[in-house]
Each structure stands twice: as structure tokens, then as C-alpha cells.
Amino acid sequence: MSALPLAFGAPAILLGLVILPLIWWLLRVTPPRPMKEIFPPLKILAQLLKKEETPNKSPWWLTLLRLLLAAFVILALSEPIWNPRPETLTGKEPVAILLDNGWSSNEEWIARKETAERLIADAAHAGALIYILGTAEKANADIGPFDANAALERLRALTVRPIPVDRPAAFARLKTALANVSGTRIAYLNDGVDTPRSAEALQSLQDAGVASMIWYEPSISSLVAIRQAVNNANGLTVRAVRPGNDRGQSGVTIGAFDEKGRRIAETGLVFGAGEATAEAVINAPFELRNDFHTLRVDGTAQAGGTYLIDDNNKRRRVALISGSEADISQPLLSPLYYISRALEPFADLLRPRNAELVRAVPELLEQKPSVVIMADIGKLPAETEQILSDWINKGGTLVRFAGPRLAGNSELDPLLPVTLRKGERSLGGTLSWKESQPVAAFPENGPFGGLPTPQDVTVTRQVLAEPSADLYDKSWANLADGTPLVTGEARQRGQLVLFHVTPEATWSNLPISGSFVDMLHRIISLSNSSGPAAGDTRESGSAALPPYLTLSAEGTLVPPNGDTKPLLIRSGTIPPVSFDNPPGFYGVEDAMMAFNLFKPDGEIKPLIRPELTMPVMTARYAVDESVPLRGPLFALASLLLALDAIAILWLGGHLRRRIRPASVAASLAILALVAVPGFGPPPALAQQNDSKSGDQFVLEAVNVTHLAYVITGDRAVDDVSKAGLSGLSRALTDSTALEPGEPIGVDLATDELAFFPLIYWPIDAAARMPSPEAIAKIDAYMQQGGTVLFDTRDQDAAAINFDNSTTPSNQRLRDILGGLNIPPLEPVPSDHVLTKSFYILQDFPGRYRGSPLWVQASLSTETRADRPVRAGDGVTPIMITGNDFAGAWAINADGSPLLPTIPNDPMQRTYAYRTGINIVMYMLTGNYKSDQVHVPDLLERLGN
């Protein structure tokens, strides 16, 4: 911070203050122009004997005003700055600006960019080269060196990425770029979040010839991220994490949103004092939880606060069917006991109410389960077998367990993935030569790939599969001797799975092991899949999932950009989040996988500055509090200049008769408020208000002929109306002797309408209905000789039928006309003055060419061809069209058409302009061209 709260960018200009005494002397000896006054003759005679006096110097207050004006200009040119900030970087040595632009930087990104801009300004002032590097950018991004302008462009191109920073890779690139550079100064604008090998990466900079470092310490106390969501039986358990420090108790709200972004549930999550993790449960029905698509922490704007949910997080319904009744006294011997215990934590179990398979299976399928598990069911009835087969083909998963019934009735069973040998195989018994078999390692290309091999599971009995060419591909799990333990097969969109052992611990101890739970969980998780993902190859056990939607830096889902690559899954291993694979949904629309930023064990550790041998200065992100005073001083100088001009006019007598003292005081007060920054109407509001009021409105309206339009309140409609009447005014100036002024928008409730011969009213069904006072005002305007041109701007309204109108614009027009005293209407007849007031016209097109132009009907309703033209100078008080006249007349600032005609015909726009010219000429001249009384006089004048 500077010792003084005021500094100057060009202090030498302050020497100009020395000439202020000279300016004082010049102003005092140079009087203002004498005031001119016209006296009555008698007053002149009365003053003939008086000695004439002429001032020889300016008034002291005028001189002081001009001295202040000169002083403010000199001070403004010296570029004063209030509360100037000190320069952070001095010297010509190169500067390297490192910015952490990972997921945790978004909420303070503006402050960090402003800090980087100030560093670039300091380096540019010293003439130093600049390097700029983001730690979450792609590997081939240019890092410099840059000059100041190029550095600013590179800084503006940096954006926050929804990924963790990669400090080792970024610092290695910087070290390579600085290999032949010495004395570099580094400004590290970090995000305060630790990542693996960060300390090692920072230590490596000491070997790159770095002279010093500025370490910026951010605040990460507000960071909260969701790291896991588990769908349990009673609700969805959400686990969140915050930085591990000694913070006190705090809480956040987590909302659950469906696929359309609608908030459908929420929960409060509280971190205990000193705790870095917390969890909460979203208590919602099973059906509602299955609609969860994203979870978001309220009040956060970073990717860590959003958690994505795919089908793997959705709780399934599982139907259980057994071939034998459970013994209540011995539940451990029940065929479904261990299956139920394994599935209850992550599935809703359905059991039949009827023991007959013919009735039990349809009843269970009506409840739409994802999986049906059948324990030791032999031959199914044909009707039930067909129902199950159709359900599987539509995407269901059928899991069957072996047993005595299945072993004896498995011949030609279509609901088995493999053909079984009749009977069962016994191992490890007193009458068997073979010992019980352990389970072999799970194939990597199967659904159990990646699960640990069960070491304590043995099998004593099993049903065997007939050897076949595809048996290896269908084997999901095998025994040590190569015989299958679990087989599976895809049936259209569904799956068939067979455990070659019973679900109770009679043939094997698999049901009482932890591997049994994991195997069932894998099968249930795959149950809703519609088939293999794109790029899936069973031989290699890999999958390439294309990006579907990715997370933005703010934590919202957006379409993937061109840098995002397919997610490669090899041997069941999911790669970490990176620049090529940001978090989001990968796959296709009906089979997406959620790829989240945080893993279930993710943490937020504060970044600790390592001990470095180079000099390190600690700084904090802060807003630049310096205030340039150049603008306000120039504003004050402009105010004084305006006051000086008013004073000169006053002393010359030009304002005394025209402006009262009270008006002068009010004008000076308004000028003072406008000159002070922050006062005055907002620019956007000033631009939107096309209506003028008071004396200015009256003067502009009566000075020159103006075309007027009704302000509807819709910015788009009003802009087209203004542009259309501007184009018509230009056409009138080019083709006629009339030179109208700029179009004026009128507010029916407040403005005077009598100044305008024609008012264009675009009907907007969305605009508010005019008040009864406004309707009465427009009715009086029409009765007193004015004309209103109503335009529904809808081609569907071309054939206007007041008895059967269905369009919103026509309905609104009917509502407006219901309060007006309108005469009978008819389409413009072929002999009407409008057809020949300037151009000879047959119809009256606008942007559309289908609607007639309705005017006041003639007094005579005769339709014969030789009827006389109407006499008198009366003009129709109302015109109605649906052809969108303003849309055809509208032009841009360069004079080109604003909207195309429909159809896009240049001649249609030409006739639209001719229509507008005829209407204006008709409004200004009346029935002059149809008045046969003047024909002889006209011919006589033409003859002369």
C-alpha cells in the first residue's frame, strides 16, 4: 500500500497548476460581451444625460468558475488514482504465472483472473516477458513467452475445468520451457487443494533456475463435494466431504433432481465440529428414488458439488420363486433364505402370493421386476414358459439355481443358457473318487471380472453342462477342474443366468460366503442394461463408452466438447477423471454410465506450502480497491463548462426573458445530477422508453409531421414498428414532397394523440389490454378526424371474419374494437381513393399478401360497376389489415430490409412501400383526387 491514498500516473502535468494565476489575470482583464437590451423610446430619452458605464473585468464568481474548470482538466490529465495498489512485480526478469484452473477454482475464478491481470500489467510496465500456464489444461497448450497483449489473450482463453489439477505434468512442462532461462519469478495462483505428488512437483521448480515465488493462499473453507450415493432399502444415503481442518459444525442442503432438472427431493447434511465427512439419507419412496438423475449441493457452483446417478445406483425389484415350500422351523434350509439375505440391502424383494406357477409368475411380472430368481424349479408349464420368455426378450433377467428338480427335468428346457446333462454330479462323498472342487479365478471378460477369487468356497455337487463350442463364452464362473459354476446367455434384450448349484448350503458353501453377495450384486446391477455398450469386445474385456453429457465447471450437464474422448474401460478398470475424460455420463441414451469427479474414498486436503530454498512471498487474493479519478474529474469539468455556457448566455441577456429563475435552478440541478456518476436513468431503460412526455413531446410532435405507433410493451414488436415507420418515412422523403420526422411511439394512457394524422397499432395478443380510459381516448381521437391502422400481423387473419375469429391476435382486436364506436367496414373497393392517392394499386400487400385492407364502408351499398365515387373530404377513421405492414417497411441502420417478405419477393416489398405512401397521402389529402368539382381547374392549370 502506498504511503499516501492518492497517486498520479502522469505527475509532470501537475506543473500546469502554476499557470492558474496567469489564467486569473487574463480572465479579469477580458470582460464578457456587453449585454444587449432593447429599451422603449421614452426610457432612452430619460437616460440620455446619464454617463454610460461599461464593465472592465469579469465577475469574480465567473473567474473562479473558469479557474476551477482549468484546475480540474489539469488534474484529470495527470491521471490521479485514489488508494493506488503497489506494484507486485518489478524488474525485467521473466515472469511465470501459474493458475490452478481445476474444479475447485470456479467460485473464485474471477478474483484469480483479476489478480493475474494485475500481474501482467506490472510485468508489462517493467518490460518483462510473461509465461502463462494452467494446471488443468491439455498437454500441448502454449505457455509462452508472451508480451502483455498476447498474455492477456491467453489468460482470457483459460477456463475452469471440472477436473483435478495435474501439477506434476504442468510443472514439468514449465521446467522444460525455462530450461535456458534464468532469474524467472513465479506467481503461483493455486486453488488450495492438495493433489498427489504436489509437493514433489513444487520442489522440482528449484532446479529450473527460478529466482523467487509469490504464493497466493486462497480460502477453501466453503468447499463441499459429494463423494458417494448408495441406494439402500430405506433411502438413498449421501456421503459428502469438506476440507480436513478444525472447522466448526456446519450444514448444507442436498437436492435430488430428475432427468429433466426438476427438484424432486432433498435432505440436510450436517458436518460435526472438526469432521471432514458427513452423511445423510434422502427418505423417498422406491419409485421416486429410481428417478434420481443428479444430486447437487445447494449454493455451490463447482463440479464437486454435483453427483451423477446412473442405473447402478437405482434400486431394483427382484422376484423370488422357489420350487419347494420353506420350513418355518428351519429357515436356514429354505431355498430362498441366503438369496434374500444377500439382496435385501440393495433390492426390493417380491414374493408370490400363490403357490401355483401358472398364477404366481404372471402376478410377479405385473409388478415389473428387473430380475426373477427361481430356486430349483424344474419343468415349467408351457403357458408360463412363454410368458417368461417374452419378458426376457424385452429386457428382463432370469436367474435360476440348480437342485434335484432341475437336475431331473432339464432336458430341452428353453429357459436355460446351456444344455444340461440329466442328473447331478457328486464330488467329495464316500462313494466318489473325486474331491470337492474349489472355485477358479473369475474370467476377466465376464460380468464377475475384477472380483477376488473366493478362497474358501468348495462345491460338492453340481449339474453339468453338455460340452459345446460356445460353452467357454457362456461360462461366467468355473470350478478348478474347468466345469462351469455359473453360465449365462443373452436373449435379445434380456439375460439368462444359471447357478449350477443350489441356493442353500447343501451342494456348496458358496451361498454362505461373501462372494455370493458380490456375484448377485453384479447380476442385479446389469439387469437393466439393454445390451453391450458400443465398442464392447468380450475377447479383450474392454469397452469404449462415448461421451453423452459432461459436467461443466459450474456443475451442470452440458453436451461434450471436441476435446472429450471416449471412456476406455479395460478389464473392468475405470480410468481416473482427466482432461480427455471429464466427469459426466458416458455411453448411449438408454445405457449410460455415471463417471463422477470423486471416488467413494475421495478427500479434500488443504495444500500446504512446501519448504523451498528460493525466496517465497505469501499473498492473498484481493479485489483491486484503487479508484481512477480521471473520469470523475472530467465529468466535473464538463459540468463547470456547462455552467460557464449558461452564465455567458445569462450575462448576455439571452435567457432572462425566456427562462424563469426557477427553471434555471432546476436545469442546473439536473445537470449536476447527470454529471455525477451513478445518477440518471439506466441506459437500458432509457433506450426502451420510446414514449416522450411533456413539452419535449409536444414540440417534437408539432414541429414536423411524424408517423406514430402504439407502444405495446414488447421490445421486439415495438422495435419492428419503429423500424417499419422509419423505412416508410424514408420512402416518403424519396418519392414525395413530404419529409416526415422520426417516428414517435405513443403511450395511449399518457400521451396526447391529436398531433398525429395516423397511428399504427400492431396487435399483440400477449400485451396487456388497454385501460378503459385509453380506449375512450383512442375513440375520441378517431371521432375527431384521426385514423388508426390496426395490424394483426398474422397471415391467418388475412380473411378477417368478425363473426368467427379464432387467432389470438384477432380475438384481442375484437376485444379492443368492442369498446370503440366504429363505423361499418368493408374491404377497399376498386374505386376507392386509396387505390390512386399516389400510386395506382390493385391490392395492399405487406410482409404477407393475403389479407384485404378494411376501411369505413361507403354510405351507398350499391355494388354496380358504374356507381359514383364517394364525395366529400372525409377520411376513414379506422383501417384493419393482417399483412404486417411494419414488417415489410422495417429497415436496418444501413437501410437494408430487416425482415423477409413471405414469399420472399422484392416486388412485394416495393408494393408494400407504395401501399404505405398511398395511405399517408390519403390521410393528408383526403378525397382530393376523387373530387370531380376540381377537375376543370386542374386541367386549366395543366394547360397553362
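What's counted below: heavy atoms across the whole structure, side chains too, no hydrogens, waters or symmetry copies. What you see is a predicted model; the values in this text were computed from it and never measured.
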**OP:** Step through it carefully: locate the ring centre of Tyr307, locate the ring centre of Phe292, and say whether they are under 6.0 Å apart.
**Re:** no
Original post:
Backbone N or O of Thr458 within a donor-acceptor pair of the Ser508 side chain at under 3.5 Å?
Top reply: yes
Taking all atoms of both residues into account, what is the closest heavy-atom pair of [X] and [Y], and its distance?
X	Y	result
Asp191	Ser104	OD2-OG, 2.9 Å
Arg289	Ala284	NE-O, 2.8 Å
Leu520	Ala342	CD1-CB, 3.9 Å

With a 3.5 Å cut-off and no angle check, do the side chains of [X] and [Y] form a donor-acceptor pair?
X	Y	answer
Asp518	Ser515	no
Thr277	Arg227	no
Thr556	Glu554	no

Subject >> Among Leu295, Asp291, Thr294, the one residue meeting side-chain contact (heavy atoms from CB on, under 4.5 Å) with Ile309 >> reply: Leu295
**OP:** Among Ile220, Leu223, Asp194, find the residue that satisfies the side-chain contact (heavy atoms from CB on, under 4.5 Å) test when tested with Pro606.
**Re:** Ile220
Original post:
Do the rings of Phe401 and Phe499 sit parallel, tilted or perpendicular, given the 30° and 60° boundaries?
Top reply: parallel
Going by heavy atoms in the side chains, are [X] and [Y] under 4.5 Å from each other?
X	Y	value
Asp100	Arg167	yes
Ile339	Val399	no
Thr564	Asp580	no
Leu99	Trp109	yes

**OP:** Starting at OH of Tyr216, measure out to CG of Leu98 and round the result to the nearest 0.5 Å.
**Re:** 12.5 Å
**OP:** Would you verify whether the NZ or CZ of Arg161 falls within 45 degrees of the ring axis of Phe579 while also being under 6.0 Å from that six-membered ring's centre?
**Re:** no
**OP:** Return the set of residues passing side chain to side chain donor-acceptor pair (under 3.5 Å) with Asp258 (not counting sequence neighbours), or none when no residue passes.
**Re:** Arg262
Original post:
Does the distance from a Lys or Arg side-chain N to an Asp or Glu carboxylate O, for Arg263 and Asp298, drop under 4.0 Å?
Top reply: yes
